[in-house]
Visitor: 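This is the structure I have questions about; it appears just below.
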Amino acid sequence: REAINCEACGRVHFLDENLNDFEEGEYKEYKDGAEKDPDKYIGHDSDGPSIGYMHFNDKQVVFDCPCNYTRQLENLLWHHAGDVAEYFVARTKAEKKEADRMARSAARAGKAISNR
């Protein structure tokens, strides 16, 4: 993608014109925006062929954005790593229990069919 909006803060991150194919006038729009408001329009000319981003809580967020939203998420996860691990252990146990129940049910059904 040539440009990505960080929905956590509203900044627009865009790649160097030489790295991607922009629509006609699109790159100029971003470059002009960066000249007028460099805090809102952020050019990436040395990051390679893409801008890192992810979706979290229905928001598209950009890695290394000055708003540090993804860093805040990382800090939250590291701070609560033990709780997150406990949750995954409990969730995995519950899923295994349900899978075992379904396997027993399928085995009974298979046995009933073979006894016909």
Side-chain angles (χ1 to χ4, degrees):
R1 295 175 65 173
E2 294 87 8
I4 298 177
N5 181 31
C6 182
E7 294 175 345
C9 66
R11 288 181 174 93
V12 177
H13 297 258
F14 63 96
L15 288 173
D16 185 278
E17 181 178 33
N18 297 323
L19 296 175
N20 276 284
D21 297 322
F22 287 94
E23 300 288 325
E24 187 175 332
E26 186 180 13
Y27 180 73
K28 183 178 179 340
E29 175 187 331
Y30 296 134
K31 270 310 242 192
D32 290 349
E35 287 177 20
K36 292 175 188 169
D37 190 354
D39 190 51
K40 180 174 170 73
Y41 292 88
I42 300 170
H44 295 255
D45 57 6
S46 62
D47 289 342
S50 66
I51 297 168
Y53 71 99
M54 68 180 193
H55 288 88
F56 185 80
N57 281 342
D58 296 325
K59 284 183 183 177
Q60 179 175 271
V61 294
V62 177
F63 303 154
D64 298 323
C65 183
C67 73
N68 287 320
Y69 190 80
T70 55
R71 180 62 184 188
Q72 292 171 37
L73 294 174
E74 180 183 348
N75 290 343
L76 176 76
L77 290 172
W78 281 117
H79 182 74
H80 296 284
D83 296 333
V84 171
E86 285 179 27
Y87 167 77
F88 281 127
V89 167
R91 185 87 168 102
T92 301
K93 284 180 182 177
E95 290 290 325
K96 184 181 181 320
K97 185 176 179 180
E98 177 63 11
D100 290 345
R101 185 195 65 74
M102 290 175 70
R104 286 190 304 274
S105 178
R108 282 193 301 273
K111 188 174 182 181
I113 290 171
S114 66
N115 288 337
R116 288 185 177 175

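Along the sequence shown, residues are numbered consecutively beginning with 1.
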Visitor: Find the distance between CG (N75) and CG (N68) and round it off to the nearest 0.5 Å.
Guide: 9.0 Å
Visitor: Hey, does I51 have a side-chain heavy atom less than 4.5 Å from the side chain of V62?
Guide: yes
Visitor: Distance from F88 atom CZ to K93 atom NZ, nearest 0.5 Å?
Guide: 15.0 Å
Visitor: Is there a side-chain contact between V61 and E7 in this structure, where contact means two heavy atoms from C-beta onward sitting under 4.5 Å apart?
Guide: no
Visitor: Evaluate the side-chain proximity of I42 to P66: yes if any heavy-atom separation is below 4.5 Å, no if none is.
Guide: yes
Visitor: Linking Ile, Leu, Val, Met, Phe, Trp and Tyr by side-chain heavy atoms under 4.5 Å, what else ends up with W78?
Guide: none
Visitor: Could you tell me how the ring of F14 sits relative to the ring of Y30: parallel (under 30°), tilted (30 to 60°) or perpendicular (over 60°)?
Guide: parallel
Visitor: Does L77 share a hydrophobic cluster with Y87, counting links as ILVMFWY side-chain heavy atoms below 4.5 Å and allowing steps through other members?
Guide: yes
Visitor: So that I can tick it off, tell me whether E95 and R91 are bridged by a salt bridge, with the cut-off set at under 4.0 angstrom between side-chain N and carboxylate O.
Guide: yes
Visitor: Give, for atom NE2 of H13 and atom CD1 of I4, the distance between the pair rounded to the nearest 0.5 Å.
Guide: 8.5 Å
Visitor: State whether the side chain of Q60 and the backbone N or O of Y53 hold a donor-acceptor pair below 3.5 Å, judged by distance alone.
Guide: no
Visitor: Taking the side chain as C-beta and beyond, is there a heavy-atom pair between L73 and M54 under 4.5 Å?
Guide: yes
Visitor: So do R11 and D39 actually touch side chain to side chain, heavy atoms under 4.5 Å?
Guide: yes
Visitor: Would one find more than 12 heavy atoms of other residues, nucleotides or ligands at under 6.0 Å from atom CG of N115?
Guide: yes
Visitor: With a cut-off of 6.0 Å (strictly less than), are more than 12 heavy atoms of other residues, nucleotides or ligands near CD of E23?
Guide: no
Visitor: Sub-3.5 Å donor-acceptor pair from the side chain of K40 to the main-chain atoms of A34, do we have one?
Guide: no
Visitor: Under a 4.0 Å N-O cut-off, is there an ion pair linking D100 with K96?
Guide: yes
Visitor: In Å, rounded to the nearest 0.5 Å, how long is the span from OH of Y41 to NZ of K36?
Guide: 9.0 Å
Visitor: Does a side-chain heavy-atom distance below 4.5 Å link R104 with R101?
Guide: yes
Visitor: Measuring from atom NE2 of H55 to atom NZ of K59, what distance do you get when rounded to the nearest 0.5 angstrom?
Guide: 12.5 Å
